[in-house]
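Before any comments, here is the structure.
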2 protein chains.
Amino acid sequence: MDTIDEAIIRCVVRDARATYAEIGKEAGLSPSAAKRRLDRLVKSGAIRGFTAIVDPQSLAWHTEAYVEIYCTGNPTPAELLKALEDIPEVVDACTVSGAADAMLHMLAADIPHLELAIQRVRATGPVDRTESVIVLSRLLSRPRIQV
Amino acid sequence: MDTIDEAIIRCVVRDARATYAEIGKEAGLSPSAAKRRLDRLVKSGAIRGFTAIVDPQSLAWHTEAYVEIYCTGNPTPAELLKALEDIPEVVDACTVSGAADAMLHMLAADIPHLELAIQRVRATGPVDRTESVIVLSRLLSRPRIQV
DNA sequence: ATTGAAAATCAACCCTT
DNA sequence: AAGGGTTGATTTTCAAT
């Protein structure tokens, strides 16, 4: 993780669909070298993936919930991730301390949609039961990826 | 915005670097038609952009917690906001249903820093007590534009 | 970093509704 | 008009060097 990697990350955070030529230009590398670096950053886990930023307004997803999930057995984080990554309503997921196994932040169009999405979560692999808290109003939200 | 657009969004949320052939396969379109649709979604603002998901561990502040706060009396959302906006460790805050008055998402450098920040939360205005859940590992995080 | 074959992009075009 | 398919020149990817 040096200044070149930082340049690559900055570029790809700004536009995940940038070509290797563009990334390389930003980092002072040839396209091939840029690809090797980026592949390495993904493989090492420094970059977890690439995603689209969807406008919640146009999807009209303004119902939020925090959902604690309790699992049967001892699922590994990898198993949990595999079960959750295909549910687009899950915008954040992490394993936590305490009684619950994981905490999810979910985003849905409305309460029926949220209920459906939570049912999908409950239906996946190791999930036993869930405990949800519905968001009534957002007080503040700070951007937290500064590159 | 129809079922085809939704399929495209689902695909590109999962992997922003997917090729048009992959996107089209998922949406039942030819690569060219997939490109036209995706370009339209970007142009219309439904998709704000594409970004890389950077591992929070590589960021300076990598200790996270979800904190439920319970208040004395009936504080208004505005009062809660006023009390919390000066604590930079609070990256998300919202009022919620259930026993708690609000749910905070907090980000700190380490456990001692987090403890200090939670103490500051507890010390502010209407806050009576807190109930914290420490994040052990992040499973996934989808960037989203907040409203 | 360069090379070159394979793949993807993208605009122009045509077809259907 | 609006939207999907097809074509082909250009650009990008990617493994070998």
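These numbers come from the heavy atoms of this one structure, side chains and all, not from hydrogens, waters or symmetry mates. A, B, ... follow the sequence lines: proteins, then strands. Residue 1 opens every chain.
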**Q.** Carboxylate-amine/guanidinium proximity below 4.0 Å for A:Lys43 and A:Asp39
**A.** no

Q. Are B:Glu26 and B:Arg14 close enough for a salt bridge, meaning some N to O gap below 4.0 Å?
A. yes

How many Å lie between [atom1] on [X] and [atom2] on [N], as a whole number?
X	N	atom1	atom2	result
B:Arg36	D:dA2	CZ	P	14 Å
B:Asp39	D:dG3	CG	P	14 Å
B:Leu38	C:dT9	CG	P	10 Å
A:Arg40	D:dC14	CZ	C1'	18 Å
A:Asp15	D:dT12	CG	P	13 Å
A:Ile23	D:dC14	CD1	P	11 Å
B:Asp5	D:dA2	CG	C1'	14 Å
A:Tyr20	C:dA6	OH	P	20 Å

Q.
Starting from B:Val135, can I reach B:Val91 by hopping between I/L/V/M/F/W/Y residues whose side chains sit under 4.5 Å apart?
A. no

Q.
Assuming nearest nucleotide by heavy-atom distance, tell me which of B:Arg17 and B:Asp2 is located more 5' along DNA chain D.
A. B:Asp2

Q: Could you check whether B:Ser32 gets within reach of a base, just the sugar-phosphate, or nothing at all, counting any heavy atom under 4.0 Å?
A: base

Q. Is B:Arg37 side chain donor-acceptor paired with the D:dG3 base, going by distance under 3.5 Å alone?
A. no

Q) When you check the phosphate oxygens OP1 and OP2 of D:dC14, does a side-chain N or O of A:Lys35 lie under 4.0 Å from one of them? A) yes

Q | Cation-pi geometry met for A:Arg17 and B:Tyr20 (6.0 Å, 45°) | A | yes

